[in-house]
Amino acid sequence: MTEHSWTRWPSREALSRAGVTKARRGLAWTTRLFALGVLLWTTFTNSDLSGWGTASAALGVIVCGVAAWAFWQTTLQHRLLPSVGLLALLLAIATVAASTGFRIPALVLWCACGISAIERLPLAAALPVTTVALGAYSAVNNDIWLTTVATAVGLVLAGYVLRLDAEARGSAQRLLAQERAARAAEAEAAALAERGRIAREIHDVLAHSLSAQMVHLEAARLLIERGADRATILERVVAARGMAREGLAETRQALSALRGEMSPVEEFLGELVATSDGADVTVTGERRPMPAEASQAVRRVAQEALTNVRKHAPGAKVDVRLEYGEHEVTLAVRDSGGAPGELGAAGAGYGLLGMRERAELLGGSLEAGPDEEGFVVTLKVPV
């Protein structure tokens, strides 16, 4: 044993009997009360006691009961000096009992003190107390020396076994408490992550939808300032209304995605390019289901990239390519370039920055920059 083992208290979980079932606890108390009843009956029926003797014996029993309860409490609080003092009081009562003719109660009390010391005290303090208790037991016991030694050794082993059993139970209780705390922390982290995911989904939908609407409304404003004809202005307003309608549809789709009711990403890309002039989609590799967040990232990046094409290179041809790899999915949105649109400065400025943050949260990457002819946005997410 290490030095720490000699001075270490049993854990409070072990001393408090935490984890003991009600049935086991009830059986233990029944056994103790039965043994105490038999002991008291034997003592008082086999002894010639006067009125004062009976009163003194009853008082001694009460004092022993109170001292035992106090010992249980002080050891539970890891208070060494009061615990040892209470055991000393019990040993003294046993000595008085033996000297006044109550030999059997004294023997039982010495044995109980020896076992309780090993079970509930640090070993460095328990061994001297147990030595005194079992030494007194051996001196008063009238059995042959071999029986007395065997009994003393058995009591020491019994106390140590009870100590180990209590420690094992206490360790199990601590592990259970840690597991419950870990589960609670995991549930809280999962709830926070889910809230973050919902916030990102709603933010992305609103950012994309409102940005697209701003494009058309800004165009309508410029047309009004230039005195354009009513039909041209109306066309832009109708387009903004259409984007608002699409935004509502995207919001419903985001809510469906949060519930796990998403359409295949290939189908979504096909519908997306169908609403954009000059856009085509190509899917390569072995198609397979993607995690919800990876699928949402692909959808949002495709939407944002096509919105940017409308803003910065209106009329350009767009090639949307989705490639399934062994461990990742790659989305590339490439436009053919063109004259800068007059709405290039419109929008909220959220752009691809939010998409890059989303990709990094998934352990992927997003790159955006000029190509040989136009501009290309490349998203890679693990699956």
Side-chain angles (χ1 to χ4, degrees), residues 197-219 239-258 261-283 290-323 329-335 341 343-344 346-362 364-368 374-381:
R197 186 166 81 95
I198 293 173
R200 287 196 302 272
E201 292 300 328
I202 295 176
H203 188 276
D204 291 348
V205 168
L206 292 178
H208 170 75
S209 175
L210 295 177
S211 177
Q213 291 177 55
M214 283 295 298
V215 170
H216 293 289
L217 292 176
E218 181 68 11
R241 185 185 66 178
M243 293 305 302
R245 187 181 297 111
E246 290 180 12
L248 289 175
E250 290 175 9
T251 301
R252 295 191 187 97
Q253 186 180 39
L255 293 175
S256 297
L258 291 173
E261 304 170 356
M262 290 188 297
S263 60
V265 67
E266 301 87 358
E267 180 180 332
F268 172 84
L269 293 178
E271 296 174 355
L272 184 64
V273 300
T275 61
S276 302
D277 295 334
D280 295 314
V281 62
T282 304
V283 180
M290 285 188 288
E293 293 222 347
S295 176
Q296 283 297 93
V298 171
R299 296 164 195 257
R300 295 290 172 257
V301 169
Q303 286 178 326
E304 185 65 32
L306 288 176
T307 300
N308 285 341
V309 172
R310 296 192 194 106
K311 288 168 57 178
H312 301 287
K317 292 184 178 181
V318 183
D319 176 37
V320 179
R321 180 177 296 273
L322 180 66
E323 180 181 353
V329 169
T330 302
L331 172 72
V333 181
R334 189 186 311 271
D335 66 69
L343 303 177
Y350 178 79
L352 295 174
L353 176 60
M355 297 298 101
R356 180 173 287 109
E357 293 175 352
R358 174 188 284 268
E360 291 174 353
L361 285 173
L362 297 176
S365 64
L366 186 141
E367 297 179 357
F375 198 84
V376 61
V377 177
T378 304
L379 169 71
K380 295 182 179 182
V381 288

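Numbering starts at 1 and runs along the sequence shown.
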A side-chain contact here means heavy atoms from C-beta on lying under 4.5 Å apart; do V320 and L331 qualify?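 Yes, close enough: below the 4.5 Å cut-off.
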Residue pair [X] / [Y]: nearest heavy atoms and the distance that separates them:
{"X": "A302", "Y": "V333", "value": "CA-CG2, 4.5 Å"}
{"X": "V265", "Y": "R299", "value": "N-NH2, 3.7 Å"}
{"X": "E367", "Y": "R356", "value": "CA-NH2, 4.5 Å"}
{"X": "L379", "Y": "A297", "value": "CD2-O, 3.8 Å"}
{"X": "G270", "Y": "V281", "value": "CA-CG1, 4.3 Å"}

Drop me the distance from K317's NZ to R334's CZ, to the nearest 0.5 angstrom.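 Those atoms lie 15.0 Å apart.
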Partner residues of [X] under the side-chain contact (heavy atoms from CB on, under 4.5 Å) criterion, sequence neighbours left out:
{"X": "S365", "answer": "K380"}
{"X": "V309", "answer": "A316, V318, D335"}
{"X": "E266", "answer": "P264, V283, R287, L322, Y324"}

With a 3.5 Å distance limit and no angle check, can you tell me whether R321 reaches the backbone of T282 through a side-chain donor-acceptor pair?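 No, R321 side chain to T282 backbone: no donor-acceptor pair under 3.5 Å.
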